[in-house]
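Here is the structure we will look at.
Position 1 is the first residue of the sequence, and the numbers go up from there. Computed over heavy atoms, backbone and side chain alike; hydrogens, waters and symmetry mates excluded.
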Amino acid sequence: MSLIKEFKEFAVKGNVIDLAVAVIIAGAFGKIVSSFVNDIIMPPLGVLLGGVDFKDLVFIVQEATVSAAGEEIEAVTLNYGNFIQNVVDFLIIAFVIFMAIKGINSAKKKKEEAPAAPPAPPKSEVLLEEIRDLLKK
């Protein structure tokens, strides 16, 4: 019974819920980055490289053939164009995360560097100031 109780405490902790939200947001962010790379970055890059579509870049290991029974056997290919596209996706995601963390860290430093209020004067000074003020009256 204690195992179930421990699991319930673990699952309800704020860190686990924060992690779940982060994973969901990361999935959506990954789709945005993939669209950005596929639809914005790669087409002009392909044009600059002579009209190459990276999805079409393949190395054919074995050509497509027809078996003796008349069934078509698909070609065996290495899709290195998809690999290049995934590397570009990764680099963009890594750079965006790096910039976000850098921004968060600089915001934390600014918050820490904010000047603190001057320390309160010692009790003896406060008492002396009160006596001085009373004598002035």
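F90 and M99 fall into different hydrophobic clusters, defined by Ile, Leu, Val, Met, Phe, Trp and Tyr side-chain heavy atoms under 4.5 Å apart, directly or through other members. One hydrophobic cluster, built from ILVMFWY side chains closer than 4.5 Å, cannot hold both I25 and V23; they sit in different ones. A continuous path of hydrophobic side-chain contacts links I84 to L78 [ILVMFWY only; heavy atoms under 4.5 Å]. Using a 4.5 Å cut-off between side-chain heavy atoms of Ile, Leu, Val, Met, Phe, Trp and Tyr, with links allowed through other members, I41 and Y80 fall into the same hydrophobic cluster. Note on L91 and I97: separate hydrophobic clusters, where clusters join Ile, Leu, Val, Met, Phe, Trp and Tyr whose side-chain heavy atoms are under 4.5 Å apart, directly or indirectly.
Screening residues 60-78 for side-chain hydrogen bond (donor to acceptor under 3.5 Å, both in side chains), with sequence neighbours left out, gives T77-N79.
When every heavy atom of A75 is checked against every heavy atom of A64, the shortest pair comes out as CB-N, 3.5 Å.
Note that the CD1 atom of I92 and the OG atom of S34 stand 9.5 Å from one another [nearest 0.5 Å]. Going from atom CD1 of I40 over to atom OG of S35 covers 7.0 Å, rounded to the nearest 0.5 Å. Rounding to the nearest 0.5 Å places CZ of F95 at 7.5 Å from CZ of F98. If you take NZ on K108 and CD1 on I104, they are separated by 7.0 Å, rounding to the nearest 0.5 Å.
The environment of CZ in F29 is crowded: more than 12 heavy-atom neighbours from other residues, nucleotides or ligands sit within 6.0 Å.
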Q: May I have the step-by-step check of side-chain contact (heavy atoms from CB on, under 4.5 Å) for L127 and E130, ending in yes or no?
A: CA-CA 5 Å; L127 288 173; E130 288 177 7; 4.0 Å; yes
